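Scroll down for the structure; my scribbles are underneath it.
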Amino acid sequence: MQVFRYIFRADLRRLILLLTIGCVLVTFGNSYQAIYNVQRKLLIDNTLEANQRYAAKVAESAEMLLTSAQDSVAFSAELLAGNFHFSGKPEEEIYRLVEQSEVFNSAIIVNNEAEVVATYPEGILQKGFVLPENTRQSYYERKPLITNPFHSVSGNTLISISHPIWGEHGHYLGYISGTIYLNKNGSLSRLMRDHFFTDQTYLYVVDQLGELLFHVDPNRIGENVSQLPLIKQALGSAEGSQETINSLGIEMVAGYASVPSANWGVVVQRPKDKVMKSLNDQMLNVFWASLPIALLTFIVIWVLAYLISKPLRQLARSAANVNDVDMQRQIVSVRSWYFEASQLKIAVLNAIGLLNDKIHKLDVDSHTDPLTQLHNRRGMQRLLDDFEAKHLQFSVLALDIDHFKLVNDCYGHDTGDLVIQELAKTMQNFIEDSDMVCRVGGEEFLIFLPNTSGESAVSIAESLCEHVANTVMPKVKRITVSIGVGCVENDIDMADIDMAIKQADTALYDAKNAGRNRVKSMLNSQGLKL
Ligand SMILES: Nc1nc2c(ncn2[C@@H]2O[C@H](COP(=O)(O)OP(=O)(O)OP(=O)(O)O)[C@@H](O)[C@H]2O)c(=O)[nH]1
């Protein structure tokens, strides 16, 4: 619990750390998010554009290949127009048509009765074979044609490119048709199939009905994907790009383009999560690259927070230990290097100064008699404690004004006070600096004479008694005092001190009884009449 309290205690350093690190984290996170969003958009836009360009390039190449193939077939049809019935000419022409390029896998020539006249390679259909009704599209339409893909008896998927052969006077002689097997090697299939993507981008081609002609997964060829929104776009418009979802429900970044002569659509697409993965990798790199600076920032913040909070923490700690005698020195040693801390330090030192003055004054007041400024009983006790601690040998004089009541009665209480004050001054001026006068009652005093023998003390007391008697007092002119002397000459303890004071009191009592204005002591029990 203590540890928990320590860790989560709200002090200035923790608050500065919390605030600045919080701000740094929010700023850092915000920048990171902004970079991520910008990069994400950039990456997707770039991928969309790249895929569109690639689809357009493939579509354009396919278009050129099909147009060129149509031109070749048209050229052969023109050549055959004058030689159609010459023996060997049709065979010669379709041989040239197939072999001069890698476009066609085979070719046939059909006459105006839908009978096969020649084939290449030979034997794929018998000469004189009459085409069945469902394969007579070119025969009936009698115009340049690229057929929809269809499946041959031998299981091949193929398209044929045909051109009618017109004789003299526009007489229909038949047609020549070149055939391209989509699932076999050839210029077109290589164009559609051979790509060198390494980033999971792939390409597929659909015919005008939305059936797959080429696809990375050969098992899917022939599958109808016309329900995909992208296919309508690919078949309908020249080229474009969009984010879409494929038939397996996977998000894709796709570009598309159409092949106008065959009305095919070419789609190039890349799974979106693969695009995003490269972004995530990039962002991870950004994170690692910025980590040292971030750590450095945290360390700088920590050090600054420490330096800023240190003077205030030291001031707060020192101020909390008011009873510590070393507190003032601790506060003076605090390095308050900035304005607020420096002002606070000055204020605390001033407050401590004032407090000390106050305490000192109270201390002095509590040990001082307010009328005479002499030590009172409490002050005297402190003095005696010191004597005891130092084993100080001393003598003590107990002094009392004679008939003081008369002073009060005759001259008033105020004059009595003035007399007491004047006597205090007289005594203080009379004794040595090391001696101590205490007011212990109304007009009763004790005078302590350190390192003074009893005999010397009696001598001093007699001189004092005489001096007071000769001193002019306010209004009353003269007063006399009686003095009793006590003495401690051996190693002392408090009992000895009390005993000495009692001796002095007893001697004073004797002096009073003996007629006043005299000194009495154990050494001089008769008392001295001055
Ligand atoms: N003016 C004044 N009078 C005080 C003060 N303290 C005590 N007294 C007076 O001092 C007088 C002391 O009188 P007593 O104790 O009877 O003794 P005394 O009149 O001095 O006679 P002896 O001591 O026997 O010589 C009293 O009248 C007190 O009221 C003080 O602070 N100021």
Side-chain angles (χ1 to χ4, degrees), residues 361-384 395-431 435-449 457-487 498-530:
K361 193 169 178 314
L362 283 173
D363 184 61
V364 169
D365 287 352
S366 70
H367 291 84
T368 306
D369 168 48
L371 182 67
T372 61
Q373 303 305 311
L374 297 174
H375 294 285
N376 59 14
R377 280 194 176 275
R378 202 179 286 118
M380 182 187 83
Q381 190 55 50
R382 190 160 63 179
L383 187 78
L384 296 179
S395 292
V396 55
L397 314 183
L399 186 150
D400 188 287
I401 303 174
D402 296 333
H403 301 302
F404 187 63
K405 188 170 179 307
L406 286 176
V407 175
N408 277 337
D409 291 348
C410 296
Y411 298 96
H413 201 270
D414 289 348
T415 302
D417 283 353
L418 286 175
V419 169
I420 291 172
Q421 285 174 323
E422 190 60 33
L423 176 63
K425 274 188 219 157
T426 303
M427 287 188 290
Q428 275 201 303
N429 291 336
F430 183 82
I431 59 170
D435 301 339
M436 202 70 69
V437 188
C438 306
R439 187 184 179 207
V440 293
E443 22 67 273
E444 296 163 21
F445 303 88
L446 287 176
I447 303 173
F448 293 90
L449 309 171
V458 168
S459 172
I460 292 168
E462 286 167 350
S463 300
L464 177 60
C465 197
E466 187 180 351
H467 180 66
V468 172
N470 293 328
T471 301
V472 178
M473 292 290 162
K475 295 189 180 172
V476 298
K477 308 293 183 211
R478 302 289 175 194
I479 60 164
T480 60
V481 294
S482 299
I483 303 175
V485 181
C487 177
D498 289 345
M499 182 61 74
I501 293 172
K502 270 194 187 117
Q503 273 180 11
D505 271 344
T506 307
L508 173 61
Y509 184 73
D510 289 348
K512 288 278 183 188
N513 285 337
R516 298 183 176 80
N517 189 21
R518 68 196 62 221
V519 175
K520 279 276 187 178
S521 76
M522 301 302 287
L523 303 172
N524 179 7
S525 57
Q526 295 84 24
L528 289 174
K529 177 85 175 77
L530 295 172

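All ligand and atom numbering here is 1-based and tracks the order in the structure. As a basis for the values below, the full set of heavy atoms in this structure was taken, side chains included, without hydrogen atoms, waters or symmetry mates. Since the model is a prediction, treat every value here as computed from it, not as a measurement. The first residue in the sequence is number 1, and the count goes up from there.
For the pair K361 and D365, the salt-bridge criterion is met [side-chain N within less than 4.0 Å of a carboxylate O]. Salt-bridge check for D369 with R439: passed, with a basic side-chain N closer than 4.0 Å to an acidic carboxylate O. D402 and K512 are joined by a salt bridge, as a carboxylate oxygen and a charged side-chain nitrogen come within less than 4.0 angstrom of each other.
Applying the ring pair (Phe, Tyr, Trp, His ring centres under 6.0 Å) definition to pairs two or more places apart or across chains, those involving residues 463-486 are F430-H467.
For the side chain to side chain contact (heavy atoms under 4.5 Å, CB included) test, residues two or more places apart in sequence or in another chain that qualify with D435 are I431, E432, L449, P450. Residues that satisfy the side chain to side chain contact (heavy atoms under 4.5 Å, CB included) test with E443, not counting sequence neighbours, are D400, I401, F404.
If you look at ligand 1, the protein residues with a non-hydrogen atom under 4.0 Å away are D400, I401, D402, H403, F404, K405, N408, H413, G416, D417, I420, R439, G442, E443, K512, R516.
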